[in-house]
Structure formats: C-alpha cells, structure tokens
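Structure record follows, encoded as structure tokens.
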2 protein chains.
Amino acid sequence: MASDHTRSAILAAAERLYADRGFGDVTLRDIVAEAGVNLAAVNYHFGSKDELIAELFVTRSVQTNRERLRELKAAEEQGGGRAPIEVILRALVGPTLRGCLGPENQRSTAARFMIRASIESVPPIRRIKNREIDHLRKFAASMRRSLPERSEVDIYWGLNFALAMAHHTIRESERLIKLSEGKCDLEDVEDVVGRVVSVATMTLTAAKVEAKSRALARDAR
Amino acid sequence: MASDHTRSAILAAAERLYADRGFGDVTLRDIVAEAGVNLAAVNYHFGSKDELIAELFVTRSVQTNRERLRELKAAEEQGGGRAPIEVILRALVGPTLRGCLGPENQRSTAARFMIRASIESVPPIRRIKNREIDHLRKFAASMRRSLPERSEVDIYWGLNFALAMAHHTIRESERLIKLSEGKCDLEDVEDVVGRVVSVATMTLTAAKVEAKSRALARDAR
DNA sequence: GATAGTTTCATACAAATGTTTGAATTGCAA
DNA sequence: TTGCAATTCAAACATTTGTATGAAACTATC
C-alpha cells in the first residue's frame, strides 16, 4: 500500500483550507496546490470531492463521538448503571464545546474545521449527520435510566435543548461576543459547559417551575 | 414604473425553488424557467443572483422582526415599560417558531424558505444576519429592564440560549422527530413555544438552582 | 403617431470547476 | 534485471454557471 504521503497531505491541506476559508470558496485546485500534489490525486485517492469532505468529517466525528461515549460509559459505570443527569449532559456537550471554543489562537485545525462544518452544512456532511441518530439514542437511553420518572418526550426535548445550546453557541459565538461587547467570555470553556449543562439539567429536573412557567406563558398568548 | 410582473414572478419562483430544493442546486436558469421569464431578467431587475437572494431574505426578515417588535412593544406598554420576562422571550422566539413549525402541508413558502436559509447559510444571507445585532440589542435592553437584579452577562446568555433552542429546533426538527420516533410533536407549535420560553425563563430566574447545578457539574469534572 | 425610455429576449461570453485520460514514473517482488 | 501494479502527472474535457450584449418589443408622453 506504499506510503500514505499524498493521501494524508491532501487530507491535511483540505482540512486546513476548509477551516480557514469555508467550503464555499475552496476548490480542488486550491487543495492540491496547498498539498503540493497533482490535481488528479484527489480523484485517484478519494473518488470525488464529496468523498474527500465526507472522510474528513467522519474522521473528526468519530473522534468526538468516541470521546463522548467514553465519558458517558465512565459515568455510568461509576454510578452502577445510572449516572447523574448533569454528568450525562456534560458528556454530551462537553467534548464538542471544549473542542470548538477556547482561545482562538490555540484552536486546532480540526476544531476550526468542525465549526465550519457546523456553520456551512454542505451536502456530504448533512448526509453523515443524518446517521448520527443511533449515537444520540445511547444518550437518550442513559438519560431515561437517570430520570426514570420523567416522560420520554421530556427526555428528548431536554436532549434537543442541550444540543441546541451547545451547537448554537459554537455557531454564533462571534455574534454573541459582539452582542455582549465581549462580556460573555467564550474562552472560559468550562464556564460555558457549566452554563449549558446547568440549564439543560434544570429543563429536565425542575418539573414544577417548568409547568408553571409554561402555563403562565400560555395564558399570556 | 410599469407593472412589477416580471420582478415579482422571479421573486416568487425563486423563493419557492429555494424553499423546496435549497440554495445549492437551484440555478438562475431554473428560476427563470419556473417564473416563465427570460434569463437576463434576473440581472436586469436585481443586479445579480446574490442580490436576489438578499432581497428575498431581507423581506422575510423584516417581516419577522417587525412582528417580534410589535409583540415586545405591546408587552412593555402594558407593563408600563417593564414586561414580564416570559412575555419578552415569547416575543423573541414566538414569531419565528410559529412561522417555521406547524403542520408541514400548511407551512408557507416563506416559512420553508426561512428554514432553508437557517440550514444552508449562504454568503449573502450571512452578511445580512450579521446586521441583526441591533435588533437583538432591543430585546437585551428590554430583558435588562425586566430583570434589573440580573447581571448583564446572564442576560446575554439567556438571550443566546433562547435563540439557540428556537433555531436549533427549527433546523433539526426532522432529526428530533426521527430520534423521538414522532413522540415530540412539532406540529403543536404553541407547546414548542411554551417549552422554549419556560426553559429560557428558568435560565434567567432560577438563580440558586443554576448556581448549584453549575457547581455540582464543575465538581464532576 | 413619433420619440424616448423601459423592459424583454435570444444568444454569446468567460471563467470556474470537478472529473477523466493516457502516458510517464516509481516501487517492489520474482 | 525484468515485469507488474500502484501512483503521479500534465493536459484536456465537459459542463455548469452567472453575467453581459445588443437588438427587438413594448409603453407612455408629448
């Protein structure tokens, strides 16, 4: 199988360029120039441009998902099959937030690539994301074990909102900083994780508050 | 200025096609074919493809923003300058959710277009979104008046999370339905609005719970 | 009804881009 | 070394795409 030199040079160059400039205006010619290889090499090694993008994304996705499951499993084992909901949620959103936020200058290429993927959402990536459901089901199952008295629907909504806060904060981090004039410190990642987890935990535990507030809100209609 | 026939036919056709098939694979030729007009008409009336997209998006955006501000203003006047936080949040996320969720078959073209714009995020639209900050500032100000004891940073985070839940739910509605096997009913829009508002309200009011949960979560690290 | 301004149309342009081709080169095994 | 497969390369291909052009058709004003 010889050395992967060309193949990995393409992957590295592509990830860097996509991270810096987005999928929209990076062409195969840009990539091969950056990688110092021939144009045809991309199709030879990956088949097509889309398959190259897909490979980049799956690689990073499985890394994140592995990390998430590692944390989840550790928490469940420690709790004898039942982990506290905060810890489950932390395993869900922590790895992504830690990977994508933090000081800008020390954000890895991989992280910046994943942020791009989250913002631009190009077809090959969308296709892969649709297969992520099985992964999320594991978290839903764990959350049900953690909060057996909670309805299934509420669990799914809690999961949805937790992901919402994490992903939206990453996607719109620039806007949040501008809106708050820098007062929201997105470089303090653990604070962000804590905020997301605590809000999501509230969603799933503070039954009365939620019901009351929802009723109140409905009246106001 | 003659009749707007061609111009509005292009706008209508473009919005419909973009809503149905996304920005990625709709060309000017598709649009003019659907509109029954000449190819050159787009550049004649709009200058460029991007300006056409921009016009579509600003039109729908100002509609939503107007609706939001109308609700906000009504609430503040009723409360003599201070509106309850739930009502402010409802004015923030209600119009968008009501416009984009609900029974699929009765979702307007405009709504479906805005969902696309939220998912695909094409350059001309991104440029416009960046100017939306002034609009959000009005909500931040209103929220500060409503919760004067709350820190400014917490207000911004609450605003961020409220938008996060609303937009993410719209963006990923399909996935949430699939994940929950239809148990999360996104057609009951008022229920969704209520959930988002109540969670966001909790974020901003349940100080002790949040602090405690955040500390707990930090320990678990 | 002539004229000037606006709008429409067919067509051409120009550039970008992913992909393919077939020959050249390389590396390794027999 | 010879032979064979894998890899690299330059070049060309084939489309697709947004945009520009200039003539024709239309409209309203005087």
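Here the nucleotide nearest the side chain of A/Lys49, chosen from C/dT6, D/dT19, C/dG18, is C/dG18.
In terms of modelled atom types and a separation under 3.5 Å, the side chain of A/Arg112 and the main chain of A/Ala19 share no donor-acceptor contact.
Annotation: the terminal axes of the helix from C/dG1-D/dC30 to C/dA30-D/dT1 meet at 0°, where each axis is the rotation carrying the C1' atoms of four end pairs onto the next four (5 pairs per end, rounded to 10°).
Note that SG of A/Cys100 is 8.0 Å distant from CZ of A/Arg107, once rounded to the nearest 0.5 Å.
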Atom pairs, N/O to N/O, protein against nucleotides 12-16 of chain C, distance under 3.5 Å?
none

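OP1 or OP2 of D/dA10 sits under 4.0 Å from a side-chain N or O of A/Asn38. Residue B/His5 has no polar side-chain atom (N or O) positioned under 4.0 Å from OP1 or OP2 of C/dT8. Not one side-chain nitrogen or oxygen of B/Thr6 sits closer than 4.0 Å to the OP1 or OP2 atom of C/dT7.
Residues A/Thr6 and A/Tyr44 form no side-chain contact, since every pair of their non-hydrogen atoms from C-beta on lies 4.5 Å or further apart.
Side chains of A/Ser142 and A/Glu76: a donor-acceptor N/O pair is present below 3.5 angstrom, by distance only.
The residues B/Arg116 and B/Asp20 are annotated as not salt-bridged, no charged nitrogen and carboxylate oxygen being separated by less than 4.0 angstrom. Classification of A/Glu190 and A/Arg195 as a salt-bridged pair fails, no side-chain N sitting under 4.0 Å from a carboxylate O.
Screening A/Val193, A/Asp185, A/Asp191, A/Leu186 for a side chain to side chain contact (heavy atoms under 4.5 Å, CB included) involving A/Val189 leaves a single residue, A/Val193.
Nucleic acid contact class of A/Ala40 (heavy atoms, under 4.0 Å, all strands): base.
Aromatic ring centres of A/Phe113 and A/Phe23 lie closer together than 6.0 Å.
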